[in-house]
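This report concerns only the one structure given below.
For clarity, every value in this text was computed on a predicted model and none was experimentally measured.
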Amino acid sequence: NAGVTQTPKFRVLKTGQSMTLLCAQDMNHEYMYWYRQDPGMGLRLIHYSVGEGTTAKGEVPDGYNVSRLKKQNFLLGLESAAPSQTSVYFCASSSPGGTTDTQYFGPGTRLTVL
Amino acid sequence: SQKIEQNSEALNIQEGKTATLTCNYTNYSPAYLQWYRQDPGRGPVFLLLIRENEKEKRKERLKVTFDTTLKQSLFHITASQPADSATYLCALVTGANNLFFGTGTRLTVIP
């Protein structure tokens with residue numbers, strides 16, 4: 001059981017470039033989440049999904065898009081990266097019951113936008 | 001405005017002592033409160049969950065209390081060990097998929 005995995009681990013982008021972060025989970029969880037973590041700000045929810053083919057906005061969704069084409073994968077896209085999107089991104093998943101139950105986090109992706 | 005505050009950014013204690021971490025919140029009505037541990041370069045790992053109608057929860061050397069009147073949760077690690085050194089995050093759950101994290105307290109247990 002790999003749990004929650006994230007690809008890539010590190011990435012450096014120039015302003016205006018695009019990229020996609022991939023999250024995969026092998027626990028058959030219905031719910032998946034994308035967070036960003038910034039110093040002094042804590043973890044903030046970007047987008048989440050309650051099932052295959054569904055997505056919803058979290059606390060800080062602007063500048064990001066997501067897709068959940070397969071139950072085990074949740075993709076986070078940056079269409080035109082900005083320096084303000086420099087952060088560590090975490091994916092998480094949980095079983096039905098949503099955030100009332102345990103969230104399992106991936107190891108994170110450190111993104112720098114120059 | 002809504003706020004979640006965890007006491008001091010950093011807390012240093014001697015091995016064997018009890019570490020007490022605080023999570024205070026304003027303008028939230030959480031149904032649940034969770035505590036996570038995060039090691040450098042890793043994702044958070046769930047430790048304990050406590051519901052609004054529970055006063056206290058224990059798991060091995062960990063104890064969590066939840067006072068909805070004071071709007072505060074306390075997280076205790078008894079007989080602390082250097083391996084307990086990490087950042088501890090509290091998270092408020094206000095409803096389905098509404099999870100709000102504090103900024104964390106970095107605990108260092110000194111041998």
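Linking Ile, Leu, Val, Met, Phe, Trp and Tyr whenever their side-chain heavy atoms come within less than 4.5 Å puts A:Tyr64 and A:Leu13 in one cluster. By the rule that hydrophobic residues join a cluster once side-chain heavy atoms approach within less than 4.5 Å of another member, B:Ile50 and B:Val45 end up as members of separate clusters. Linking Ile, Leu, Val, Met, Phe, Trp and Tyr residues whenever their side-chain heavy atoms come within less than 4.5 Å leaves A:Leu75 and A:Tyr33 in two separate clusters. Two different hydrophobic clusters hold B:Trp35 and A:Tyr104 under the rule that ILVMFWY side chains link at heavy-atom gaps under 4.5 Å. Cluster membership check: B:Phe46 shares its hydrophobic cluster with B:Val93, using side-chain heavy-atom separations under 4.5 Å among Ile, Leu, Val, Met, Phe, Trp and Tyr.
With a 6.0 Å radius and a threshold of 12 heavy atoms from other residues, nucleotides or ligands, A:Arg44 has its CZ atom above the threshold.
Residues of residues 102-111 of chain B lying under 4.5 angstrom from chain A, judged on non-hydrogen atoms, are B:Gly102, B:Thr103 by number.
Atom OG1 in B:Thr87 sits 8.5 Å away from atom CD in A:Gln37 (nearest 0.5 Å). To the nearest 0.5 Å, the span separating CG on B:Leu99 from CD on A:Glu59 amounts to 10.5 Å.
Listed by chain and residue number, A:Tyr35, B:Tyr36 satisfy the ring pair (Phe, Tyr, Trp, His ring centres under 6.0 Å) test with B:Phe101 (two or more places apart in sequence, or in another chain).
For a residue to count as touching a neighbouring chain, one of its non-hydrogen atoms must lie under 4.5 Å from one of that chain's; by this rule B:Leu89 touches chain A with the side chain only.
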